[in-house]
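Each ligand, and each atom within it, is numbered from 1 in the order the structure gives. All figures in this text were calculated on a predicted structure; none of them were measured in a lab.
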Amino acid sequence: MTATFTRRAVLTTAAACAIASRGAPPSIAASGETKVTLLGTKGGPRVNKGRANPSSLVTAAGRSYVVDCGYGVTRQLVEAGVEAHQVRTILITHNHSDHMLELGPLVYNAWAGGLREPIDVWGPPPIGRAMAGFLDSLGYDIDIRMEDEGRPDLRKLVRVHEVEAADTPTAVFARDGVKVSAVKVRHPPITHAYAWRFDAPDRSIVLSGDTTYSPELIALARGADVLVHEVMHLGGLDRLLARNPNAPTLRKHLLDSHTTTEQLGRVAAEAGVRTLVLSHFVPGDDPAITDAMWTEDIAKTFAGEIVVGRDLMTV
Ligand SMILES: [Zn+2]
Ligand SMILES: [Zn+2]
């Protein structure tokens, strides 16, 4: 592979990345400088009307951090007021396609939009192989545009850092006073599924990625201001399964690997977070499940603020 590829690399480049906040997305909670914008809130790889596939944007110390790259992430970023070439850091939670299908295209779109500085990708293995394969598939176009348009070599701008997260929260990198940590969560059969935490001077934000009830996630999220967590509604499961006739063991995967509303209340309470933001809805395309139904079980055990996430909502 030609992309720069390091294992547990320490990041040294401090490329400026001020976010132009044109077209501000709706804010539903007062927030300081550090905030999270939900770009896509529907769990799973299926594409349809309504919620976009999973991705989020954390803004801290004037920088934008994209967490997960579900299909449509570039378009959702633009809708949130951030051009692809303004992104310098991407974090991936795990290698299910609904979290990284558009990783390569986002990096490419950044390059097409004027990227001249390195772009760092942090995530679990085999994210390096996925990125290398994507760049290889675009080799013809990259070569043509380098020669014809004078663009820099995209393959040399992409720096992939495959992270081996532990079962206890571990700092991965820090920049501009923002510490970024990860922990391994429980999302079988995937062995390398991570949650990410951002600690800025004014606020702490945790993103669960995909996980069933995980004590490791609770440890990472302990005392956080905001926990963005995946959620599954058992009542909608049968209808969801009927829409996926080619996946006979999907029910078992969902029950083994995701967090029910009842479990999520316990997670948020045990972690002691201030605000719980629901995202990665499973099912994410069932209008029969109202906001009140999403929060009903959670509120039985969690007394903090509960936000039912929507695409382009900022918390
Ligand atoms: Zn997912
Ligand atoms: Zn997953």
Item to check | Mutual orientation of the aromatic rings belonging to F173 and W122 [parallel < 30°, tilted 30-60°, perpendicular > 60°] | outcome: parallel

Which atom, among the N/O/S set of [X], is closest to the Zn ion (ligand 2)?
{"X": "H187", "value": "NE2"}
{"X": "H96", "value": "ND1"}
{"X": "H94", "value": "NE2"}

For the aromatic rings, using the six-membered ring if either is Trp, is the centroid distance between [X] and [Y] under 6.0 Å?
{"X": "H94", "Y": "H192", "answer": "no"}
{"X": "H99", "Y": "H187", "answer": "no"}
{"X": "H258", "Y": "H280", "answer": "yes"}

Checklist entry - Once rounded to 10°, what is the value of the angle centred on the Zn ion (ligand 1) between D210 OD2 and H280 NE2? => result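 Computed angle, vertex at the Zn ion (ligand 1), rounded to 10 degrees: 100°.
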
Item to check | the Zn ion (ligand 1): angle it makes with NE2 (H99) and OD2 (D98), nearest 10 degrees | outcome: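 If I round to 10°, I get 100°.
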
Checklist entry - With a cut-off of under 6.0 Å to the ring centre and 45° to the axis, is R51 in cation-pi contact with F281? => result yes

